[in-house]
Amino acid sequence: MRDRRTLLKLAAAGAATVWLPRSAWSQPVMSADPFTLGVASGSPEERSVVLWTRLGNSEEQGQRVATVRWELAHDEGFRQVVRQGQALALPQLGHSVHVEVPGLEPDRWYHYRFTAGDWMSAVGRTRTLPAADAVVQKLRIAYASCQRWEHGWYSAWRHLREEQPDFVVFLGDYIYEYPTAVRAVREPGGGWVLTLAGYRQRHALYRSDANLRSMHAACPWLVTWDDHELQNDYAADFPGNAGPQVDHAARRAAAYQAYYEHMPLRASAFEQAMGRLRVNSHLRFGRLAQLTLLDTRQFRDPQACTRGGRPGSDSIDPDRCAGLGDPQRTLLGAAQEQWLAARLAAASGGWNVIGQSTLFGLRDQRPGPGQLLWNDRWDGYPAARARLVQSLQKHEVRNFVMLGGDVHQNWVGHVKADYSKPDSASVGVEFCGTSITSRPSAGDKVARDLAENPHFVFADAERRGYGVADFTPGRLTVRLRTTDDVEKRDSGISTLATFTVAAGQPELEKA
């Protein structure tokens, strides 16, 4: 297992911006295009953003440190270059590049590109955040999750690029660790993903898709993860239930490092503690909105009452699961809960959005008396959910919106003060999105579950796609966009449903 402090130092060194005149730029010799994995940007601030790439010819580079030139300009033709320099692509970090560009203007679009040897990357488009006190009239955020390679083509990303979002919020399951799937549309190869080399290869495979690369280049991505970036249904220090059982701590450290290597994260995401990576974050879009991204995997307690004591998830009867009611059980970990409470205490008067990886609201899967819950979602951590809702009420958070993923289905509903009381107050709204490609399970039970859980107003398991959320000071409009057939490369797209929420009124209206 690598020394975490060494990786932290290397990440910081690679993220440093080196300002050099063109005459001083080094010219590494490369026999093939090193930019086959594309470019990306993310982790935006008011005056800074992270530019990312990874050399696709890392094997050719071996243990050599490669230098990569980068440019940031006001225009796509790079006639107005505002920042330029070179960065280190280090073998210890898979020859990935994370340039943290400072000194930019707030609320401004930029273009960027990389050069190595005689090769030039595709041009990416990125932007900074508005100043915290800026008056912002509109914001378009797309939210998405769950893009299993074997289950389909990424036509959804092609269609989303045409909608020109300001930011993409990706809510988990960027890759899957499985070797294949039944009725696979395309094969990942490489078997089970267990090692750093394996995770690097799987991330690189996903980035080989032209539609995904193109969407990464179109705007900044704001990312968090779920379980498949490591292993299905893992919980912090406890392994999940899929594939060979190996040293979980070593596998987790490898998966987290590979995730950093392929995402536009800041070097400060590396924690000093062994095997940790900080992905929770908080962003402000002027006075219009703020977004808090949560990490629901790295610090959670193990799932309660899984049959046979095996790791992972299960359907449970809460009346027969004594551990479920433990008031100390947590999905986020104590430190992250405190951090979130501080963010909610400072909530703005605009839209207050939380993005996290799964379904938040209670989803009882048993018709009639009694309940049947899935213990891997917030339903398996009712005390943690209650604490979050209580924090919303304590701090009088207005215009609250919860975004989620994981379930491969669209679920739209109200966040309730008390889910055991259907007539309790709504404290916000929830949009849990479907998958980009990943297939749903138990899709035939959606109508039954919708009737059993009246705080939800809409559900659909048949279609894959993403959501587009348009924020203005007075209204939120969310369109559920779904592809016709993920098994067709040229699939069309349509709007499944549209919902609006008026500012100050936590009530969903279906357009």
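Predicted model, so just to flag it, every value in this text is computed and none were measured. Nothing fancy with the numbering, it's 1 onward along the sequence.
Annotation: W149 is not in aromatic contact with Y176 [ring centroid separation under 6.0 Å not met]. F456 has its ring centre no less than 6.0 Å from the ring centre of H414. Aromatic ring centroids of Y419 and H455 lie under 6.0 Å apart. Centroid-to-centroid, the aromatic rings of Y178 and H228 come within less than 6.0 Å. Less than 6.0 angstrom separates the ring centroid of W225 from the ring centroid of Y259.
Both tests do not hold together for R140 against F167: distance to the six-membered ring centre under 6.0 Å, angle to the ring axis within 45°. R489 forms a cation-pi arrangement with W153, by the criterion of a distance under 6.0 Å to the ring centre and an angle within 45° of the ring axis.
Evaluated for a side chain to side chain donor-acceptor pair (under 3.5 Å) with R464, the options D485, T482, T434 yield exactly one hit, T434.
The aromatic rings of W221 and Y174 stand perpendicular to each other, their planes meeting at an angle above 60°, with 30° marking the opposite boundary.
Counting non-hydrogen atoms of neighbouring residues, nucleotides and ligands closer than 6.0 angstrom, the CZ atom of R320 reaches no more than 12 such neighbours. Atom CD of Q245 sits in a crowded spot, with more than 12 heavy atoms from other residues, nucleotides or ligands closer than 6.0 Å.
Remark: side-chain polar atoms of R251 are paired, donor with acceptor, to backbone N or O of V193 under 3.5 angstrom. Formation of a donor-acceptor pair under 3.5 Å by the Y381 side chain with backbone atoms of D376 is not found in this model.
One side chain, H262 or R54, offers a donor N or O that lies under 3.5 Å from an acceptor on the other.
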